[in-house]
There are 2 protein chains.
Amino acid sequence: MKNQAAGSSSDRIVVAATRMAQAHGYGGLNIRDLAQDVGIKAASIYHHFASKADLAAAVAKRYWEDSAAVLEALATESADPLVSLRRYPETFRKSLESDNRMCLSSFMAAEYDDLPEGVKKEVQAFADVNVAWLEKNLREAKIVDAQRARQRACAIYAAVAGAQLMARGRADIALFDTLMDSYRQAGLLPG
Amino acid sequence: MKNQAAGSSSDRIVVAATRMAQAHGYGGLNIRDLAQDVGIKAASIYHHFASKADLAAAVAKRYWEDSAAVLEALATESADPLVSLRRYPETFRKSLESDNRMCLSSFMAAEYDDLPEGVKKEVQAFADVNVAWLEKNLREAKIVDAQRARQRACAIYAAVAGAQLMARGRADIALFDTLMDSYRQAGLLPG
DNA sequence: ACCTGAACACCGTTCAAGT
DNA sequence: ACCTGAACACCGTTCAAGT
């Protein structure tokens, strides 16, 4: 929590890198383009992060931390866990709204084989945070047996991530919405 | 259908490239490594395919053609559409069994922004083939209203693809199986 | 027809040198 | 502390030259 003044060089690098990684993945995260985006030279990136792997780990870490905060805010705002659950897909929809971008962790899950260990860890943390949040709200809403809450939470996470992936592959947000409707009709998501 | 003698150079390039792309995506498809894998030099690849884009398009095309054949065989083998539907996830499970690889089209859907137009087309064809097969079997099995068969087909495809992605992100096939169980329990997949 | 070495402009990364 | 130009080994790709 020290030295995170808004707009610091490191901050702006992480923000720009996040946007880039959500569109092009870890492999497509280009240090030269990133530097240009931030307004410095490629070599200068390495003053802030020891390597591309370190930068990506920082990006993925802040990504799940921010997501956790958004989900907490959503739960507080909704009060009713059932309403929170209904609104869960919104978080994934927002990425698509932002230039057809996708969840950083989904993209990087695909890139699993090429991910440095430190990045893998943070990518999985994102899934963990989402599943834990879903599980908690499923329990509170008493939609499924308490013992099956975690299983169902995983299923919802995987299905929503898959829907985002399919919608991105067609650059079609309406498809994402249709898929959420189908999940509700089928009984996977609460109606 | 002419000149496709098994084991021809072009064939072996496509096969090797497919395996590579299922693990590393379009961006991670490396011409030099691919050439070495096939036993020729990088420059020689360009004798068979005009560009990486052309190669990837051929790869993606053969990928959905092969998938279509596998699905047709599955339907013929099962006879009962309900059984076919139950076995649908097997096709995605097989990729995970093969060194935690994933569906080429899912990986490339993530890489949407960086995909040449000719590749995008073939990637979408894969989804189309899968959705059409699911829709047909859903109709025949009379599991959902005929008018909602297509919608449900999309939902199943997206959910299974998402499950594969999540399982790959943890290199955990058992998770894929658990997710399929959850989908069945929730009512998305036929029990 | 099929293959190749050498070259091109590009990548991540390093490092010595600047302020 | 922060930045940079120049260099390194690597990429996709081209092309003239080989058999």
Side-chain angles (χ1 to χ4, degrees), chain A residues 2-21 23-60 104 107-108 111 113-120, chain B residues 2-21 23-60 104 107-108 111 113-120:
Chain A
K2 40 184 109 154
N3 255 352
Q4 290 219 349
S8 80
S9 243
S10 295
D11 265 2
R12 282 167 49 235
I13 291 170
V14 169
V15 170
T18 303
R19 287 182 60 83
M20 208 171 273
H24 308 286
Y26 177 76
L29 180 56
N30 180 315
I31 302 292
R32 278 184 168 89
D33 289 351
L34 175 62
Q36 189 173 4
D37 196 357
V38 177
I40 56 181
K41 298 293 170 183
S44 306
I45 298 284
Y46 291 86
H47 175 71
H48 300 276
F49 300 94
S51 64
K52 181 177 170 177
D54 274 20
L55 167 60
V59 164
L104 184 73
F107 208 139
M108 290 191 172
E111 293 176 296
D113 288 354
D114 303 312
L115 243 40
E117 207 49 54
V119 181
K120 256 180 208 164
Chain B
K2 42 182 110 153
N3 256 351
Q4 290 219 349
S8 80
S9 242
S10 296
D11 263 2
R12 283 168 48 236
I13 291 170
V14 169
V15 169
T18 303
R19 287 183 59 84
M20 207 171 275
H24 308 287
Y26 176 76
L29 180 57
N30 181 314
I31 302 292
R32 278 183 167 89
D33 288 351
L34 174 63
Q36 189 173 3
D37 196 358
V38 177
I40 55 179
K41 298 293 169 184
S44 306
I45 298 285
Y46 292 86
H47 176 70
H48 301 276
F49 300 93
S51 63
K52 180 177 170 177
D54 273 21
L55 167 60
V59 164
L104 184 74
F107 208 140
M108 291 190 171
E111 293 177 294
D113 289 354
D114 303 313
L115 243 40
E117 207 49 52
V119 181
K120 255 181 211 165

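Order of the sequence lines fixes the chain letters, A, B, ..., with proteins taken first and strands second; residue numbering starts at 1 for each chain. Please read all numbers here as calculations on a predicted model, not as lab measurements.
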Practice prompt. Classify the nucleic acid contact of A/Leu34 as base, sugar-phosphate or nothing, counting any heavy atom under 4.0 Å across all strands shown.
Written response: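 A/Leu34: no heavy atom of the nucleic acid under 4.0 Å.
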Given [options], identify the nucleotide with an atom nearest to the side chain of [X].
X: A/Ile40; options: D/dC11, C/dG12, D/dC3; value: D/dC3
X: B/Lys41; options: D/dT4, C/dG5, D/dT13; value: C/dG5
X: B/Ala43; options: D/dC11, D/dC15, C/dC3; value: D/dC15
X: A/Arg32; options: D/dA7, D/dT14, D/dA6; value: D/dA7
X: A/Ser9; options: D/dC3, D/dC11, C/dT4; value: D/dC3

Practice prompt. For residues A/Asp37 and A/Ile13, determine if any side-chain heavy atom of one lies less than 4.5 Å from a side-chain heavy atom of the other.
Written response: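 No - every pair of side-chain heavy atoms lies 4.5 Å or more apart.
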Worksheet item: Taking C-beta and beyond as the side chain, do A/Leu55 and A/Leu34 meet within less than 4.5 Å on heavy atoms?
Response: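 Heavy-atom side-chain distance check passes, below 4.5 Å.
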Rounded to the nearest Å, what distance is computed from the [atom1] atom of residue [X] to the [atom2] atom of nucleotide [N]?
X: B/Ile31; N: D/dT14; atom1: CD1; atom2: C1'; answer: 13 Å
X: B/His48; N: D/dT13; atom1: NE2; atom2: C1'; answer: 16 Å
X: B/Tyr46; N: D/dA16; atom1: OH; atom2: P; answer: 17 Å
X: B/Leu29; N: D/dC11; atom1: CG; atom2: P; answer: 12 Å
X: B/Asp11; N: C/dC2; atom1: CG; atom2: P; answer: 12 Å
X: A/Ile13; N: D/dC2; atom1: CD1; atom2: C1'; answer: 11 Å

Worksheet item: Would B/Lys52 count as a cation-pi partner of B/Tyr26, with NZ or CZ less than 6.0 Å from the six-membered ring centre and within 45° of the ring normal?
Response: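 Verdict for B/Tyr26: a cation-pi partner in B/Lys52.
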Item to complete: Would you kindly compare B/Lys52 and A/Ala42 by the position of their nearest DNA chain D nucleotide and give the one closer to the 5′ end?
Response: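 Closest to the 5' end, via its nearest nucleotide, is A/Ala42.
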Worksheet item: Does D/dA1 have a Watson-Crick or wobble partner in any strand here, with both distances under 3.5 angstrom, and which is it?
Response: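 Across all strands, the one nucleotide that pairs with D/dA1 is C/dT19.
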Item to complete: Sort out the partner of D/dG12 for me: Watson-Crick or G-U wobble, both distances under 3.5 Å, none otherwise.
Response: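 C/dC8 is the nucleotide pairing with D/dG12.
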